[in-house]
Amino acid sequence: MTSKNYNQTIRELFDLQKFAIKMGLENIRALCEYLGQPQTKFDSVHIAGTNGKGSTARILQEILTAHGWKTGLYTSPHLVDFRERIRIDGRCIRRKEVQFFWQKVKELVYRRKATFFDTTTAMAFDHFAGHRVDTAVIETGLGGRLDSTNVLSPVAAVITPVDFDHEKQLGNNLAAIAGEKAGIIKPGIPVFCSAQQPEAEQVLREKAGSNPFYYLPEIISVEMVSTDQRFSVFSWHNKHTGTRFSELNLSLPGAFQIENAALAVQTAELLLQSKNRTLEESNLRRALEKVSWPGR
């Protein structure tokens with residue numbers, strides 16, 4: 001398969017944007033059924049929110065990878081290359097895999113008028129299942145409840161700060177938007193939640209119901225030590241477990257990235273505990289220093 005063929009594949013994929021945004025799960029369910037339900041063949045962590053969900057996803061993936069888990073990552077948009085959207089342990093999906101997948105599903109995609117995001121989501125699920133990842137960290141595209149990614153049955157839901165975005169699709173008040181984001185919460189799974197505005201927090205707590213609800217400001221103490229144009233240094237303390245890490249070096253600048261990292265570390269700690277593993281300080285430090293997220 002030549003570079004020319006790959007470029008044609010990418011043009012055809014992006015041409016699917018003519019079908020515009022379609023809120024709903026019918027097309028992704030049809031694609032997943034055709035592919036043999038790949039989304040059921042790996043553990044997943046589902047991340048929704050308005051701000052910071054891509055960074056949080058990337059940091060969490062790097063921490064899990066550092067602890068020896070084969071970890072998928074699905075994010076959007078990409079910065080330079082489409083393949084950035086779908087990675088395993090930091091490595092992008094190969095060009096020939098993108099081409100092969102498109103040839104496999106294009107007839108069904110055209111017949112159903114499935115969207116670009118439906119198709120790329122199905123590609124990510126198929127890729128992660130085919131490579132037998134241990135866990136995949138999946139970022140929603142738009143909202144949560146009706147987002148293409150929401151055919152997952154995740155082992156954890158992560159909610160980053162909710163704010164006004166895509167009001168036309170999600171609602172014109174914070175409570176309505178939070179309700180859509182909270183649509184990723186499935187019965188019984190733990191919910192990890194960043195600090196929220198009061199209206200959003202109330203909705204998220206209600207949607208979580210009896211699920212374990214880990215609200216970052218109540219559980220994690222974070223102290224920013226320093227930040228510059230390249231790095232942020234912070235200390236992290238879980239008041240429930242007693243775990244404490246001093247002067248962690250995150251290779252992303254800004255106080256908001258420290259909050260994203262704090263949420264990712266908290267999520268990773270519990271995920272590892274659920275598999276009788278420990279969040280190892282050396283692995284954590286290596287992961288945070290390795291994270292890169294250009295253009296964000």
Side-chain angles (χ1 to χ4, degrees), residues 21-29 39 44-61 73-77 85 115 117-118 120-121 124-125 136-220 256-257 259-264 266-267 270-271 293 296:
I21 294 173
K22 289 181 189 158
M23 303 293 285
L25 304 179
E26 294 81 5
N27 283 336
I28 186 63
R29 283 176 175 150
Q39 79 282 6
S44 58
V45 178
H46 206 179
I47 300 185
T50 305
N51 303 312
K53 59 184 188 289
S55 298
T56 302
R58 179 74 175 93
I59 296 166
L60 177 58
Q61 172 265 304
L73 177 68
Y74 178 52
T75 57
S76 60
R85 295 168 178 257
T115 66
F117 194 70
D118 289 328
T120 57
T121 298
F125 292 164
V137 182
I138 308 291
E139 177 195 8
T140 59
L142 175 61
R145 182 176 65 92
L146 297 176
D147 187 77
S148 299
T149 60
N150 205 28
V151 293
L152 293 168
S153 296
V155 298
V158 178
I159 312 289
T160 67
V162 174
D163 210 333
F164 288 95
D165 69 323
H166 298 287
E167 288 97 320
K168 182 178 178 181
Q169 289 86 15
L170 304 181
N172 58 10
N173 62 77
L174 208 55
I177 294 170
E180 290 296 318
K181 307 284 187 184
I184 69 167
I185 298 172
K186 306 299 195 303
I189 67 169
V191 180
F192 298 89
C193 188
S194 285
Q196 304 287 344
Q197 298 179 59
E199 310 97 290
E201 180 190 345
Q202 181 179 347
V203 170
L204 294 170
R205 286 186 184 275
E206 289 172 356
K207 294 286 186 180
S210 60
N211 291 26
F213 190 80
Y214 299 92
Y215 191 54
L216 192 75
E218 296 174 345
I219 299 169
I220 304 301
F256 67 98
Q257 294 290 16
E259 292 298 316
N260 296 333
L263 181 63
Q266 184 196 16
T267 306
L270 193 134
L271 287 173
W293 201 232
R296 273 71 169 192

- prompt: Hey, does Val191 have a side-chain heavy atom less than 4.5 Å from the side chain of Leu204?
  reply: no
message: Is any side-chain heavy atom of Arg85 closer than 4.5 Å to one of Pro77?
response: yes
field: Pairwise distance CD1(Ile184) to CD1(Ile47) - rounded to 0.5 angstrom
entry: 8.0 Å
message: To the nearest 0.5 Å, what is the distance between CG on Asn260 and OG on Ser194?
response: 6.5 Å
- request: Heavy atoms only: give me the nearest Tyr215-Gln196 pair and the separation to one decimal.
  value: OH-N, 2.9 Å
- prompt: Where do Gly141 and Ser76 come nearest, in terms of heavy atoms and distance?
  reply: CA-OG, 4.4 Å
- request: Any chance you could measure Leu146, atom CG, to Ile28, atom CD1, to the nearest 0.5 Å?
  value: 13.5 Å
query: Taking the side chain as C-beta and beyond, is there a heavy-atom pair between Phe192 and Leu270 under 4.5 Å?
result: yes
query: Short question: side chain of Asn211, backbone of Lys186 - any donor-acceptor pair under 3.5 Å?
result: yes
statement: Nearest heavy-atom approach of Ile159 to Lys181 is CD1-O, 4.0 Å
- request: Taking atom types as modelled, find out whether Thr120 and Tyr74 have a side-chain donor-acceptor pair closer than 3.5 angstrom.
  value: yes
query: Are side-chain heavy atoms of Ser55 and Gln257 found at a separation under 4.5 Å?
result: yes
query: Stepwise, does the side chain to side chain contact (heavy atoms under 4.5 Å, CB included) test hold for Ile220 with Tyr214?
result: CA-CA 9 Å; Ile220 304 301; Tyr214 299 92; over 6 Å; no
field: Distance, nearest 0.5 Å, that separates OG of Ser44 from CG of Leu152
entry: 4.0 Å
task: Taking all non-hydrogen atoms of both residues into account, name the closest pair between Ala264 and Thr56 and its distance.
output: CB-O, 3.8 Å
query: Could you give the distance from OG1 (Thr160) to CG (Leu216), rounded to the nearest 0.5 Å?
result: 11.5 Å
message: For Phe213, does the six-membered ring have the charged nitrogen or CZ of Arg205 within the cation-pi criterion, i.e. under 6.0 angstrom from the centroid and within 45° of the normal?
response: no
task: Could you please spell out the steps behind the side chain to side chain contact (heavy atoms under 4.5 Å, CB included) verdict for Val155 and Ile189?
output: CA-CA 6 Å; Val155 298; Ile189 67 169; 5.9 Å; no
field: Non-hydrogen atoms of Asp163 and Thr50 that approach each other most closely
entry: N-OG1, 2.8 Å
query: Is any side-chain heavy atom of Thr140 closer than 4.5 Å to a side-chain heavy atom of Asn150?
result: no
message: To check you understand the geometry: which heavy-atom pair defines the closest contact between Cys193 and Pro217, and what is its length?
response: O-CD, 4.4 Å
message: Assess, by modelled atom type and distance only, whether the side chains of Gln61 and Arg58 contain a donor and an acceptor separated by less than 3.5 Å.
response: yes
Interatomic distance, Thr121 atom OG1 to Glu139 atom CD [nearest 0.5 angstrom]: 10.5 Å
